[in-house]
2 protein chains.
Amino acid sequence: MTRMARRRILTREGIVAAGVAVADRSGIEGVSMRSVGKELGVEGMSLYHHVTNKDDLLDALAAWVFEQIELPPADAEWRSAMERRAQSARLVLRAHPWAIGMLESRPTPSLALLRHHDRVLGWLFDAGFSAASATHAFSAVDAFVYGFALSESTLPFQTEEGTEADFADAVAPDPAEYPNLARSLSDLLGAGSYSYADEFDVGLTFILDSVERSLTA
Amino acid sequence: MTRMARRRILTREGIVAAGVAVADRSGIEGVSMRSVGKELGVEGMSLYHHVTNKDDLLDALAAWVFEQIELPPADAEWRSAMERRAQSARLVLRAHPWAIGMLESRPTPSLALLRHHDRVLGWLFDAGFSAASATHAFSAVDAFVYGFALSESTLPFQTEEGTEADFADAVAPDPAEYPNLARSLSDLLGAGSYSYADEFDVGLTFILDSVERSLTA
DNA sequence: ACCTGAACACCGTTCAAGT
DNA sequence: ACCTGAACACCGTTCAAGT
């Protein structure tokens, strides 16, 4: 309609950026060839000149999110590096929750993913981990990070907003039927400062403490 | 067509069972009102007399999967009970990977979920955990279990089938570019008996060891 | 070379119509 | 009361047609 919509520039990068914008706004199910096209002022069918199909576009979205994760330098100390990477991954997945479950899913891993994994293993090898124990540490931390992001994204309340108390009021489990749930909620929220977000650091520390112990043992 | 298709019995349970069958066969994106209807020899529109809409059907599928998870008795010892529950959850999610990410996601938790959570907290309270430390243990284990199921479901090779070596041959990272990845793969697979599935027990032990230590400390 | 419009085989959902 | 057929507004994708 408007003369602005006429652009000669339709690139893969631009399409990915538009896809991220649509997904952030309407979730992954809101991403269609037509909706991403509209975001760029173009028909959905035009995208097929730059991406193979929708699956290719989703691959590109997953790779984009993965590249947002901060990766400490190769010579970093293993534990703080694992921590920084985990914290960054969690923030990225909280900002783009539609990406959880896409990250490692695609059959052809992106080059960024291979580089990323190689560096993580590097930290651990430098610290004296064997291949087996490095894999143990890596697998446990990643499963926890992804799972936490998954739990956080599907939680009925939003973290980081102090609405846990509102949530408790809304749910209010019958103490006769669910005594432990009721006790847990009243203890945690009665204390006044509970935040589910803190569970991330606790869980990560559980894992890294055991990993560290297994190294020095 | 056939006279068999005429049935007077179209129940919510039957619809859920048909939905599970379709999802197991074609994934969650294969579940449509029409496809589930066809599974029952009925038009898709007929389902609306027994489920509110597709979202309601998906809620019911999530609840069904959740109920498949084995829950040890209320008086079980906390650590072995947590372990059995985690192992069962993992097996259920491996059998129905389409359910990962649906389990805790729905705004109205099923009664089964509340009962389940209440019992888990009960084990921990009986062992002397505070509300805070019980929540720490619960959150960490669940994030790990869900995340591991997620990783496992998206892995390029199938676990429990010994195809890890085939996978390594297929990927074969360039040792010049990804030295740590190459070393890791050759060390693990050279030893001959690597199975990604074992990482589940290792990671779970990492977490439960730290939890146990925090209890007795 | 790049974008488009029509077409095809699908969706979820509504609703009037059948039994 | 329960099931259906047509209809609506969507999908992904193909392909001939436009520039």
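So you know, we letter chains A, B, ... as the sequences are listed, proteins then strands, and number each from 1. Every heavy atom of this structure was used, including side-chain atoms; hydrogens, water molecules and symmetry mates were not.
Regarding B:K54, its NZ atom lies at a distance of 17 Å from the C1' atom of C:dT14, rounded to whole Å. When the C1' atom of C:dT13 is taken as reference, atom CG of B:D55 falls 13 Å away, rounded to whole Å. One can place NZ of A:K38 at 16 Å from C1' of C:dG5, the figure rounded to the nearest angstrom. Rounded to a whole Å, the CE atom of A:M33 is 19 Å from the P atom of C:dC11. As a whole-Å value, the separation of A:L58 CG from D:dG12 C1' is 12 Å. Here D:dC11 presents its P atom at 17 Å from CG of A:N53, a figure rounded to the nearest Å. Following rounding to the nearest Å, A:M45 (CE) and C:dA7 (C1') show an atom-to-atom distance of 10 Å. If you measure from atom CD of A:E29 to atom P of C:dC10, you get 23 Å, rounded to the nearest angstrom.
Across all strands shown, C:dA9 has no partner, as no Watson-Crick or G-U wobble contact with both distances under 3.5 Å is found. The base-pairing partner of D:dT19, taking Watson-Crick or G-U wobble contacts with both distances under 3.5 Å, is C:dA1.
Listed candidates were C:dT14, C:dT4, D:dC11. Nearest to the side chain of A:V42 is C:dT4. Of the candidate nucleotides D:dT4, C:dC3, C:dG5, C:dG5 has the atom nearest to the side chain of A:E43. Considering only the side chain of B:H50, D:dC3 comes nearest among C:dG12, D:dT13, D:dC3. Across D:dA6, D:dT13, C:dT4, the shortest atom-to-atom separation from the side chain of A:R34 is found for D:dT13.
With hydrogens and angles left out, the side chain of A:H49 and the base of C:dC2 share no donor-acceptor pair within 3.5 Å.
Centroid-to-centroid, the aromatic rings of A:F138 and A:H117 come within less than 6.0 Å.
OP1 or OP2 of C:dT13 lies within a sub-4.0 Å distance of a side-chain N or O belonging to B:Y48.
Mapping B:S46 and A:G44 onto DNA chain D by nearest heavy atom places B:S46 closer to the 5' end of the strand.
Cation-pi geometry between A:R90 and A:F200 is satisfied (NZ or CZ under 6.0 Å from the ring centre, within 45° of the ring normal).
Ring pair A:F148/A:F144 is tilted by interplanar angle, where 30° to 60° counts as tilted.
Looking at every heavy atom in both residues, B:A21 comes nearest to B:E39 through CB-OE2, 3.8 Å.
The existence of a salt bridge linking A:D142 and A:R85 is confirmed by a sub-4.0 Å separation between a basic side-chain nitrogen and an acidic carboxylate oxygen.
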